[in-house]
Amino acid sequence: MSHTSQTLMPLDSEEPPSSTPIPSPPNPSPNSTSTALHISFNQDSGCFAVGTDQGFRIYNCDPFREIFRRDFGHGGGIGLVHMLFRCNILAFVGGGSDPRYPADRVMIWDDHQSRCIGELSFRSEVKGIRLRRDRIVVVLGHKIFVYNFSDLKVLHQIETIANPKGLCEVSHHLETMVLACPGLQKGQIRVEHYASKRTKFILAHDSRIACFNITQDGLLLATASSKGTLIRIFNTLDGSLLQEVRRGADRAEIYSLAFSPTAQWLAVSSDKGTVHVFNLKVDSGLLGHERSHTTSESSPISPSAALSLSFIRGVLPKYFSSEWSVAQFRLQEGLQYNVAFGHQKNTIVILGMDGSFYRCQFDSAAGGEMTQLEYYNFLKPEETF
């Protein structure tokens, strides 16, 4: 493991690289096409990173534009790539048929020096990475390591059930850190509240956990199982179930879950080719200042509504009592899509592994089909319309 000091600077700064960078291989010809190996939003969903079989690229969401790319050519496959907000520091792992780096190493890249400034090596393949300003979280098949960002020292190790997808999420409020990961039992989520030094185990589903996410402050958790029909919302402090929503009746593979910044909405993507948006009716007091800035958007369940809802649940089958989405957007079935909420009100950003970028808007009152605002293909710009 090696490490040198780093300086954090905006990625879209026009400042040139260090005077002594390690030279990168020349860019491939414009006619060459890249294949996406990994796509991830940054911490505020304003940007996204794409790992390809030839390097990596960074894009801005609104307005959509490519910020920069690093094409390493043949032998440049990047299988995982994650941004640290909008600064020059990224973390990635080699991948694809011709990887740039071994799959058991996390490389810390400083783009203003055009070189790796740190390296974390493991005995098995890295399945996932999560970044905070003060921590690096590395996910292996059965274990998670939490590192201090400033000196790359191990602060915590967590044992998990088999985790081939590298599932793990961290909060992004600097003053508190919450980490959610698979537990040691099927269907279980482990939540670490580092500020209070508390660990909470939540038995979220009977089936294997397929996907989950937490809010920016880590107080809410959304989970989906391998069945992919129900999504459950939990309070991470006490593990209580707050709400249950239904994606559909048929089994589906859930690819991503995303909370809106105010935690009023939840977006869900699956292999069925439909993105759903659900209205969350959590207690507005739970999120403190996160929700206090919203008035018309806040819609906690009233006592009378809660009573009628409990009565309905006691009479009708569960299929009818769970809540359905308020808005949908149709996509090509079978492709993997990641979703996030845009910075404009009631907008969704959808990223496809085929290079598709959609920005859509939903009607929070009427619901129904979303309106497509933009489409681009970031892997094949000539196909953009």
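Just so we're clear, the structure is a prediction, and the values are computed from it rather than from any experiment. For reference, positions follow the sequence shown, starting with 1.
For the pairing with Glu253, the salt bridge (charged side-chain N to carboxylate O under 4.0 Å, His left out) check across Arg208, Lys165, Lys227 returns one residue only, Lys165. Each of Leu120, Val154, Ile144 was evaluated against Val138; a single residue qualifies, Leu120, per the side-chain contact (heavy atoms from CB on, under 4.5 Å) test.
Side-chain contact between Val50 and Phe378 is present, with heavy atoms from C-beta onward closer than 4.5 Å. For the pair Ile202/Val191, a side-chain contact is recorded, criterion being any heavy-atom separation below 4.5 Å from C-beta on. The shortest distance between side-chain heavy atoms of Arg57 and Leu379 falls below 4.5 Å. Within the 4.5 Å cutoff, the side chain of Leu280 has heavy atoms near those of the Ile233 side chain. Within the 4.5 Å cutoff, no side-chain heavy atoms of Phe92 are placed close to those of Arg100. Residues Ile39 and Tyr337 are not in side-chain contact: their nearest non-hydrogen atoms beyond the backbone lie 4.5 Å or more apart. In this structure, Thr347 and Leu373 have side chains that are in contact, with non-hydrogen atoms separated by less than 4.5 Å. Between Phe234 and Thr223, some side-chain heavy-atom pair lies under the 4.5 Å cut-off.
Judged by distance alone, with hydrogens and angles left aside, the side-chain atoms of Gln54 form no donor-acceptor pair with the main-chain N or O of Thr35 at under 3.5 Å. With Glu169 contributing its side chain and Ala180 its backbone, the two residues share no donor-acceptor pair below 3.5 Å. Counting only distance, with no hydrogens or angles, the side chain of His82 and the backbone of Ile129 share a donor-acceptor pair below 3.5 Å. Not a single donor-acceptor pair under 3.5 Å links the side chain of Thr229 to the backbone N or O of Asp250. In this structure a side-chain-to-backbone donor-acceptor pair under 3.5 Å is missing from Asp71 to Gly73. Judged by distance alone, the side chain of Ser171 and the main-chain N or O of His173 form no donor-acceptor pair under 3.5 Å. The main-chain N or O of Ile158 is never found under 3.5 Å from a side-chain atom of Glu192 such that the two would form a donor-acceptor pair. In this structure a side-chain-to-backbone donor-acceptor pair under 3.5 Å is present from His193 to Thr236. In this structure, Asn235 contributes its side chain and Ser240 its backbone to no donor-acceptor pair below 3.5 Å. For Ser225 (side chain) and Ile209 (main-chain N/O), no donor-acceptor pair under 3.5 Å exists by modelled atom type.
Note: Phe357 and Tyr375 fail the aromatic proximity criterion, with ring centroids not under 6.0 Å apart. Separation of the His156 and Tyr147 ring centroids does not fall under the 6.0 Å cut-off. Here Phe145 and Phe122 bring their ring centres to under 6.0 angstrom of each other. In summary, the aromatic rings of Trp265 and Phe278 are positioned with their centroids too far apart to meet the 6.0 Å limit.
Hydrophobic cluster membership differs between Val146 and Ile136, with clusters built from Ile, Leu, Val, Met, Phe, Trp and Tyr side chains linked at under 4.5 angstrom. Phe85 is not connected to Val170 by any chain of hydrophobic side-chain contacts under 4.5 Å among Ile, Leu, Val, Met, Phe, Trp and Tyr, and they are in different clusters. Residues Ile67 and Leu90 fall within the same hydrophobic cluster, defined by Ile, Leu, Val, Met, Phe, Trp and Tyr side chains chained together at heavy-atom separations under 4.5 Å. If you chain together hydrophobic residues whose side chains sit under 4.5 Å apart, Phe48 and Leu37 never meet in one group. Ile78 and Val139 are members of different hydrophobic clusters when ILVMFWY side chains are connected at heavy-atom separations under 4.5 Å.
The minimum heavy-atom distance between Gln43 and Gln216, with the atom names listed, is O-NE2, 2.8 Å. The heavy-atom pair separating Ala49 from Ile58 by the smallest distance is CB-CD1, 3.5 Å. Scanning all heavy atoms of the two residues, the minimum distance from Met370 to Val277 falls at CE-CG2, 3.4 Å. Residues Gly55 and Phe72 come closest through the heavy atom pair CA-CD1, 3.8 Å. Considering every non-hydrogen atom in both Cys181 and Cys168, the closest pair reads CB-SG, 4.4 Å. Of all heavy-atom pairs between Asn148 and Arg135, the closest is OD1-NH1, 3.0 Å.
Of the inter-residue distances, the one linking Phe64 atom CZ with Glu374 atom CD reads 8.5 Å to the nearest 0.5 angstrom. Rounding to the nearest 0.5 Å gives a distance of 11.0 Å between CZ of Phe41 and CZ of Phe341. Note: Gln188 CD to Thr160 OG1 = 11.0 Å, rounded to the nearest 0.5 Å. Here Ser124 contributes atom OG and Lys143 contributes atom NZ; the two are 9.0 Å apart, rounded to the nearest 0.5 Å. To the nearest 0.5 Å, the span separating NE2 on His172 from CG on Leu84 amounts to 9.5 Å. Between the CG atom in Leu155 and the OH atom in Tyr194 there is a gap of 8.5 Å [rounded to 0.5 Å].
Within 6.0 Å of NE2 in His343 there are more than 12 heavy atoms belonging to other residues, nucleotides or ligands. Within a 6.0 Å radius of CG in Asp238, other residues, nucleotides and ligands contribute more than 12 heavy atoms.
A donor atom on one side chain and an acceptor atom on the other are not found under 3.5 Å apart for Arg247 and Thr274. Between the side chains of Asp62 and Asn60, not a single donor N or O lies within less than 3.5 Å of an accepting N or O. Residues Arg86 and Asn42 have side chains that never bring a donor and an acceptor to within less than 3.5 angstrom of each other. Checked by atom type, the side-chain pair Asn88/Asp110 shows a donor-acceptor distance below 3.5 Å.
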Under 3.5 Å donor-acceptor pairs involving side-chain atoms of residues 360-367, not counting sequence neighbours:
residue : atom : partner : partner atom : Å
Gln361  : NE2  : Lys345  : O            : 3.4
Asp363  : OD1  : Ala365  : N            : 2.9
Asp363  : OD1  : Ala366  : N            : 2.9
Ser364  : OG   : Asn346  : ND2          : 3.4

Is there a side chain to side chain contact (heavy atoms under 4.5 Å, CB included) between Asn213 and Leu266? Walk through the geometry before answering.
CA-CA 10 Å; Asn213 207 345; Leu266 180 76; over 6 Å; no
Dump the intermediate steps for side chain to side chain contact (heavy atoms under 4.5 Å, CB included) on Asp217 and Val178, then the final yes or no.
CA-CA 8 Å; Asp217 57 10; Val178 180; over 6 Å; no
Under the criterion side chain to side chain contact (heavy atoms under 4.5 Å, CB included), I'd like the reasoning laid out for Gln264 against Asn279: C-alpha separation, chi angles, the key distance, then a yes or no.
CA-CA 6 Å; Gln264 187 200 356; Asn279 186 11; 3.7 Å; yes
Would you please test Val245 and Leu230 for side chain to side chain contact (heavy atoms under 4.5 Å, CB included) and show each step?
CA-CA 6 Å; Val245 298; Leu230 296 173; over 6 Å; no
Apply salt bridge (Lys or Arg N to Asp or Glu O under 4.0 Å) to Glu323 and Arg246, showing your working.
CA-CA 6 Å; Glu323 299 163 58; Arg246 179 173 288 277; over 6 Å; no
Show the numbers, then the answer: is there a salt bridge (Lys or Arg N to Asp or Glu O under 4.0 Å) between Arg123 and Asp104?
CA-CA 7 Å; Arg123 293 189 180 93; Asp104 59 358; over 6 Å; no
